[in-house]
*Asks:* 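Just dropping this structure here.
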Amino acid sequence: MWNVDFTGVDWPEMGTATIDTLKMMGYASLFTFLIGLPLGVLLFTCSRSPSAVLGWIYRIASFIVNILRSVPFIILIVALIPVTRAIMGVSTGVEGTIPPLVIGAAPFFARLVETALREVDRGVIEASQAMGASSFQIIRKVLLPESLPGLIAGMTITVVTLVSYTAMSGMVGGGGLGDLAIRYGYYRYESGVMLVSVVFMVILVQVLQMLGDRLVIFFTRK
């Protein structure tokens with residue numbers, strides 16, 4: 001049974017770990033959005049197209065997305081060490097964690113984007129087509145604005161998931177609060193450090209979820 005002792009908590013190191021977690025989450029969220037949004041739009045567009053070519057593109061893209069989503073992140077981050085090293089020059093620390101975070105989260109977000117786009121009223125899309133709008137115009141002026149609350153909700157879920165991913169990356173020297181909790185809490189049995197790390201991550205998740213929920217409410221059309 002561990003006795004919780006906060007005397008061993010190095011607060012400057014805790015602050016550095018918190019900043020590292022925010023960096024990993026921030027950069028990974030940005031690239032996840034930049035990759036996942038177009039990928040989700042592609043999945044939605046190809047799934048509804050009568051074209052055989054686009055149908056095959058959908059099957060291939062969907063297959064790849066499903067594979068990446070099905071691999072546990074802790075395994076994915078280890079399997080991608082050569083790729084991470086080739087891209088970033090390192091495979092550990094903040095920089096070494098970003099590529100696996102993006103590769104793990106982008107397919108997840110793409111599916112959420114596809115789901116949000118499917119919720120758009122079919123009649124609105126057909127009305128835009130009847131007025132002669134191009135596919136790009138429909139995507140930019142109809143699908144994305146109409147699905148904005150769903151997209152924000154999906155991105156909120158993804159960012160929260162990234163927080164847990166950053167914690168798992170601590171198992172392989174990823175840095176941040178997860179790494180601190182594992183090094184001190186698991187290997188050294190310093191339960192105070194682990195507890196503070198967990199509390200910080202819980203607060204971070206709560207703040208992110210609250211901001212996401214408020215944005216969804218703000219952009220939801222009454």
Side-chain angles (χ1 to χ4, degrees), residues 24-71 73 76 79-80 83-84 86-88 98-165 208-222:
M24 288 188 289
M25 185 196 67
Y27 284 118
S29 298
L30 174 62
F31 289 109
T32 295
F33 177 80
L34 294 177
I35 296 172
L37 181 62
L39 181 57
V41 173
L42 176 67
L43 290 170
F44 172 80
T45 304
C46 292
S47 67
R48 299 213 168 198
S49 174
S51 170
V53 175
L54 292 181
W56 274 107
I57 292 176
Y58 174 77
R59 293 185 186 94
I60 295 171
S62 180
F63 179 71
I64 295 173
V65 166
N66 290 339
I67 289 178
L68 293 176
R69 287 181 60 203
S70 63
V71 179
F73 181 72
L76 183 66
L80 290 174
V83 177
T84 302
I87 296 174
M88 306 297 293
I98 294 173
L101 286 173
V102 175
I103 294 173
F108 176 74
F109 179 57
R111 283 299 187 192
L112 295 178
V113 171
E114 182 186 10
T115 301
L117 295 177
R118 289 181 185 275
E119 297 297 322
V120 177
D121 188 355
R122 182 85 179 170
V124 178
I125 301 175
E126 292 175 349
S128 301
Q129 291 173 332
M131 289 187 291
S134 65
S135 298
F136 180 75
Q137 289 174 327
I138 292 174
I139 292 172
R140 185 169 62 91
K141 296 184 178 181
V142 178
L143 287 174
L144 294 180
E146 289 291 328
S147 62
L148 186 56
L151 294 176
I152 294 174
M155 192 63 202
T156 302
I157 295 171
T158 304
V159 173
V160 169
T161 302
L162 281 170
V163 175
S164 66
Y165 282 1
L208 291 171
Q209 188 65 57
M210 182 183 67
L211 290 175
D213 290 343
R214 287 183 179 275
L215 287 173
V216 169
I217 294 173
F218 180 79
F219 286 104
T220 298
R221 298 180 179 179
K222 303 296 184 179

*Asks:* Test side-chain contact (heavy atoms from CB on, under 4.5 Å) on Q209 and V160 and set out the steps.
*Replies:* CA-CA 7 Å; Q209 188 65 57; V160 169; 3.9 Å; yes
*Asks:* Just verifying a value: how many Å separate L42 CG and L37 CG, rounded to the nearest 0.5 Å?
*Replies:* 11.5 Å
*Asks:* Within the structure provided, determine whether T32 and F108 are in side-chain contact (heavy-atom separation under 4.5 Å).
*Replies:* no
*Asks:* Please report the closest heavy-atom contact between T156 and G212, naming both atoms and the distance.
*Replies:* OG1-CA, 3.3 Å
*Asks:* Give me the atom names and distance for the closest heavy-atom approach of V216 to P149.
*Replies:* CG2-O, 3.6 Å
*Asks:* What closest approach, in Å, do L76 and G104 show between heavy atoms, and which atom pair accounts for it?
*Replies:* CD2-CA, 3.6 Å
*Asks:* To the closest 0.5 Å, what do you measure between OG (S29) and CD1 (I98)?
*Replies:* 10.5 Å
*Asks:* Can you establish whether the number of heavy atoms outside R214 located under 6.0 Å from its atom CZ is more than 12?
*Replies:* no
*Asks:* Decide yes or no on side-chain contact (heavy atoms from CB on, under 4.5 Å) for L143 and F44, but give the supporting numbers first.
*Replies:* CA-CA 10 Å; L143 287 174; F44 172 80; 3.6 Å; yes
*Asks:* For a quick test of reading the model, state the closest non-hydrogen atom pair linking G36 to V113 and the distance between them.
*Replies:* O-CG2, 4.2 Å
*Asks:* As an exercise, state the distance from CD1 of I103 to CD1 of I87, rounded to the nearest 0.5 Å.
*Replies:* 6.0 Å
*Asks:* Quick check for you: to the nearest 0.5 Å, what is the distance between I139 atom CD1 and S147 atom OG?
*Replies:* 10.5 Å
*Asks:* Any side-chain heavy atom of T161 sitting closer than 4.5 Å to one from S164?
*Replies:* yes
*Asks:* To the nearest 0.5 Å, what is the distance between CZ (R118) and OG (S47)?
*Replies:* 4.0 Å
*Asks:* Do Y27 and V102 come close enough that some side-chain heavy atom pair is under 4.5 Å?
*Replies:* no
*Asks:* Can you tell me how far the CG atom of L43 sits from the CG atom of L117, to the nearest 0.5 Å?
*Replies:* 9.5 Å
*Asks:* Classify the ring geometry of F33 against F109: parallel below 30°, tilted from 30° to 60°, perpendicular beyond 60°.
*Replies:* tilted
*Asks:* Could you check whether any side-chain heavy atom of R111 comes within less than 4.5 Å of a side-chain heavy atom of V65, counting everything from C-beta outward?
*Replies:* yes
*Asks:* Do R48 and R122 come within less than 4.5 Å of each other through their side chains, counting heavy atoms only?
*Replies:* yes
*Asks:* Minimum heavy-atom separation for L162 to A105, with atom names?
*Replies:* CD2-CB, 3.6 Å
*Asks:* Quick one: closest heavy-atom pair of P99 and M88, and the distance?
*Replies:* CG-CG, 3.5 Å
